[in-house]
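See structure below.
Since this is a predicted model, take the numbers as computed values, not measurements.
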Number of protein chains: 2
Amino acid sequence: MPGAHPSASLVAMSERETRTAGASAPSAEALQKLAGRHQAGYRSVGTMAYDILRDAILDGTLAPGQKLRQETLAETIGVSRLPVRSALIQLEADGLVEFHARRGAVVKALSAEQAREVYDIRVLLEIDALRHSMDEMTPERIVRLRELGRTADAEEEGADFVDARTQFYAELYGAAARPVHWEMIEQLRLKVGRYVLGWRLVGGGDHGHSHEELVAAVEAGDADAAAEVLRSHLTGVRDAVLAMLSAEGGAAAR
Amino acid sequence: MPGAHPSASLVAMSERETRTAGASAPSAEALQKLAGRHQAGYRSVGTMAYDILRDAILDGTLAPGQKLRQETLAETIGVSRLPVRSALIQLEADGLVEFHARRGAVVKALSAEQAREVYDIRVLLEIDALRHSMDEMTPERIVRLRELGRTADAEEEGADFVDARTQFYAELYGAAARPVHWEMIEQLRLKVGRYVLGWRLVGGGDHGHSHEELVAAVEAGDADAAAEVLRSHLTGVRDAVLAMLSAEGGAAAR
DNA sequence: ATCCGCAATCTTGGATCCAATTTGCGTGCC
DNA sequence: GGCACGCAAATTGGATCCAAGATTGCGGAT
């Protein structure tokens, strides 16, 4: 349901607003708020800009299709254009933004087909990661897992919600110590993070016990059951995301 | 386009060889040769620098562990340090280089475990991509596939060898039109590209007919057979790469 | 009145310049 | 003689400045 977001007015700036006052800000204030959260001491300003912009994209402050003007972003964050450019390059590599020749960068949108792809691949990769991890599972890890699962379920807010779940899955797959595998999963989760967030805000939380269910299966050592829980969870989220995407697909097309 | 670049001081890196040993010197000329191949009109210098450095890493001109000094690279390529930095950031996202705090970038090495991971994941992803693609396979695509397979088998040289194979797999998996899936596969292939190249140069080419074998299975519509050919091919290459990595693992460590 | 072309302005991309941090080396002290 | 502290040089990271290209708005011509 639109309108519920605090900073949801970002989609409205489509084309007419670009020239007049659009130079500085549809989302300036929300972005500044994010920037404030990251004002802590970073070793390099570029990584700070990256984190700010990534979070802004993930929580919808910068919506898909949004034009990203380097100078505006730089002024809003409070740095020069150079670290912003670095951040944009990284975000392009992450698949979150798209560079159009010499015409600037825009927040990349994910089509329904691509979202389906992401979840199909995640099913493959994560079930495999889970099986590998279960071979090396330890009781201590189970304890931490259960803890993190509770935290993740309790978390409601946007960015923290994604973070909590990331920690849970990092712990879940971490036993196998497969950095490349985890990196791939992280990339895929990053691509759909925004849409999951939207779904979480809009839809309900019927997935609340799936974490515990998963931990229980892992604890019991039943790989097939755990895989099935994971698979059904992922496909469930996938379907919800797809429904949301097709629902508002025509609006945010470009 | 008629830009007579000031390709001046290119040999500047031999200024001081105090403790080089195996770290920083020997690649200036080879890198320049690569730079020459890419001197064609690029829209942006940054992408050119990226291509040059990526190829340099892939064909071993810049070996794993190599220290990448921005100014040296910039002078060798003939541009400023800024596009080099952009390229390095992209390469970091690709997992080919690694930034060490404020101490510069080095060419990232792939451990044997990580290489194994890459191939394990590739088996998962590529077999799935293959099955999806076979659902949409067309006779015309088979024809092009057979053509590309022959080209790939004929190709011997380094960079072109990888390129030819890339085209073959792009055509093979392209029928399914799954951009995210293909992007993931490309990333993984990029990570091991250097080692495959080394293996190709060192070892033999007993895999010559696997392309044709694969195409035949695809043409026959036998998904299981095609998957098995692909799987055995990938595990074969994997084992060769692993053997090579463990063989010279102690030497090129540092 | 509409369409094509030109020019001005805005925005990206690149280069040079400056500061901050790290590293290597020298000296002094233990 | 060895280790530690400090200084100096080099290299990375950031900011400001400059050029190139694209888009848009305006004007003229058909």
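OP1 or OP2 of D:dT11 has not a single side-chain nitrogen or oxygen of B:Q70 nearer than 4.0 Å.
In the set C:dT12, C:dT16, D:dG14, C:dT16 carries the atom at the smallest distance from any side-chain atom of B:S80. Here the nucleotide nearest the side chain of B:R103, chosen from D:dT23, C:dT23, C:dA15, is C:dT23. Counting only heavy atoms from C-beta on, B:V79 has its side chain closest to C:dA15 among D:dT12, C:dA15, D:dA22. Side chain of B:R81, nearest nucleotide from C:dT12, C:dC17, D:dA15: C:dC17. Nearest to the side chain of A:R69, among C:dG13, C:dT12, D:dA15, sits C:dT12. Of all nucleotides listed (C:dT16, C:dT11, D:dG21), D:dG21 comes nearest to the side chain of A:R102.
Of the N and O atoms on the side chains of B:Q187 and A:Q187, at least one donor lies less than 3.5 Å from an acceptor on the other residue.
Rounded to whole Å, the distance from CZ on A:R43 to P on C:dT21 is 14 Å. Computed from coordinates, the A:E71 CD to C:dG14 P distance equals 17 Å when rounded to whole Å. Protein atom CG of B:L82 is 14 Å distant from nucleotide atom C1' of D:dA19, rounded to whole Å. Taking atom OH on A:Y50 and atom C1' on D:dG14, their separation rounds to 20 Å, with Å as the unit. As rounded to whole Å, 11 Å separates atom P of D:dT16 from atom CD of A:E75. The OH-P distance, from A:Y42 to D:dT12, rounds to 23 Å in whole Å. Rounding to whole angstrom units, NE2 of residue B:H100 and P of D:dT12 are separated by 14 Å. Atom P of nucleotide D:dT11 and atom CG of B:L68 are separated by 14 Å, given to the nearest angstrom.
Classification of A:R189 and A:E186 as a salt-bridged pair holds, one side-chain N sitting under 4.0 Å from a carboxylate O. Residues A:R238 and A:E117 are not paired through a salt bridge, judged by the lack of any N-O separation under 4.0 Å between the basic side chain and the carboxylate. Between A:D120 and B:R178, at least one side-chain nitrogen of the basic residue sits less than 4.0 Å from a carboxylate oxygen of the acidic one, meeting the salt-bridge criterion.
Counting atom types as modelled, A:R85 pairs a side-chain N or O with a base atom of C:dG14 as donor and acceptor under 3.5 Å.
Separation of atoms CD (B:Q90) and CD (A:Q90) is listed at 10.5 Å; rounding is to 0.5 Å.
Across all strands, B:A105 comes closer than 4.0 Å to no nucleic acid atom at all (heavy-atom distances).
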